[in-house]
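Below is one structure, written out as structure tokens; comments come after it.
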Protein chains: 2
Amino acid sequence: MGKKHKDGKKQKSKKKDQTEYTVADLSPALTQAARSMRTVLSRNLLDSGLYAGQDGVILSLAEADGMTAGGLAQKLGVKAPTMTRTIGRMEAQGFLERKADADDARLTKVYLTELGRGSVKAIEMGSAACDALATQAFTEKEIRNLVRLLKAIDANLQAEAVPLDEPDEN
Amino acid sequence: MGKKHKDGKKQKSKKKDQTEYTVADLSPALTQAARSMRTVLSRNLLDSGLYAGQDGVILSLAEADGMTAGGLAQKLGVKAPTMTRTIGRMEAQGFLERKADADDARLTKVYLTELGRGSVKAIEMGSAACDALATQAFTEKEIRNLVRLLKAIDANLQAEAVPLDEPDEN
DNA sequence: GAGCGCCTCTTAAAATGTTTAATTAAAAGA
DNA sequence: TCTTTTAATTAAACATTTTAAGAGGCGCTC
């Protein structure tokens, strides 16, 4: 950018030397960090012919091949039609294939193809490169704590966002 | 066959009591946490008639009214046409208005309307509620460290993502 | 075993968000 | 004056997501 940043452009609420973050800084910081990571991840994924959002499907299947479409949707936090569309696109790209379940014909099970299985390593490498880049100069302890807190945030929010079993009558 | 090593030689994701997270767990955890937060934030924002992504514009203008369209785009990490579109939608909704700069007619400066100014508090409250929900049972120190690390991640990724001055031919 | 309800997935329609490329307008400089 | 650069917008294209509605199959009850 051609602009010059002045040093003391604004000191809204933080000490100039301490950076006293509060809980109010969390959502913007999390949003921004996730956006930056998605940008870098997308760039890495493009080399495999994948779009952002598809890598989660591949990795989930690499861990448990033959998941149902609904299971994938739930695991990745999207609605069923979204997953149908994503799966359809990825099937057209040759990364995976659908097979009807033998026992229950309502279920659509999703399996990785050879191409899909071959892309797992590329995805993991791209993801690892992104993670390494993001955590430059972090200690292992910081990384462990960071992941732990992120997972706790997710659990806290999902507990509120999805009141799963609201037992009315049992 | 599709499964990975089943006996825990690395216990990367199978152990639940130890939670030995590694750097490889970062991007999925960050992605998931940001998705959950966006979901909750969107729900809170809908009460104000705002969509996700618009709150950043309001808050930026609340801090510095009269920013240019380009400045908003840069601050929020989107391209100029995206910001033009977002501003246009929000202007139609009555949250802000555009005015040409008096000195430089190329610049479009953006100002909050009364409606926009009135929504600032609602946004901040919704954001604060989301943050509080997300950080249940967190200590203040954990929160400070978390925000600090998230900002560091963003800085690390942006430093790589935007190789600003790239003198290609000289 | 026929009908009814429920579950799973898919299709359809609509809205948002994003990008690149091209266009318009205005300032800056030679 | 003429050329170049800058800022914003428009246009075209595509990805992602959602809700609502439809199609098909399973299980249970009578």
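Lettering of chains follows the sequences in order, A, B, ..., and the numbering in each one begins at 1.
- For B:D101 and D:dA7, the CG to P distance is 12 Å, given to the nearest whole Å.
- Under 3.5 Å, the side chain of B:R85 and the base of C:dT18 form at least one donor-acceptor pair of N or O atoms.
- Side-chain atoms of B:L146 and A:L26, non-hydrogen and from C-beta on, do get closer than 4.5 Å to each other.
- Where A:R38 and A:T108 meet DNA chain C, the nucleotide closest to each residue was compared, and A:T108 sits on the side nearer the 5' end.
- Spacing between atom CE of A:M83 and atom C1' of D:dT16 amounts to 12 Å, rounded to whole angstrom units.
- Nucleic acid contact for A:T86: none, since no nucleic acid atom lies under 4.0 Å from a heavy atom of the residue.
- The shortest distance between side-chain heavy atoms of B:K75 and B:E63 falls below 4.5 Å.
- For the pair A:Q74 CD and C:dC7 P, the interatomic distance rounds to 14 Å; values are reported in whole Å.
- Comparing A:R35 and A:T84 by the nucleotide of DNA chain C that holds the closest heavy atom to each, the one mapping nearer the 5' end is A:T84.
- For B:K79 and C:dA22, the NZ to C1' distance is 17 Å, given to the nearest whole Å.
- Within the 4.0 angstrom heavy-atom criterion, base atoms lie near B:A80.
- Residue whose closest nucleotide on DNA chain D sits further toward the 5' end, between B:G70 and A:P81: B:G70.
- Between B:L107 atom CG and C:dA25 atom P the separation is 17 Å, expressed in whole Å.
- Between B:T82 and C:dT18, a side-chain N or O to OP1/OP2 separation shorter than 4.0 Å is absent.
- Here C:dT18 presents its P atom at 11 Å from CD of B:Q54, a figure rounded to the nearest Å.
- Contacts of B:D103 with the nucleic acid, taken as non-hydrogen atoms under 4.0 Å apart, involve only primed sugar atoms and P, OP1 or OP2.
- The pair B:E97-B:K109 does not meet the salt-bridge criterion, since no charged nitrogen lies less than 4.0 angstrom from a carboxylate oxygen.
- Taking all atoms of both residues into account, the shortest heavy-atom contact from A:L76 to A:S60 is CD2-OG, 4.0 Å.
- When rounded to the nearest whole Å, the span between CD of B:Q93 and P of C:dT16 equals 8 Å.
- Considering every non-hydrogen atom in both B:S127 and B:L41, the closest pair reads CA-CD2, 3.9 Å.
- A straight line from CZ of A:R98 to P of C:dC9 spans 10 Å, rounded to a whole angstrom.
- Using a 4.0 Å cut-off, some side-chain N or O of A:R89 falls inside it from OP1 or OP2 of D:dT16.
- Phosphate contact (OP1/OP2 of D:dA23, side-chain N/O of A:R106, threshold under 4.0 Å): absent.
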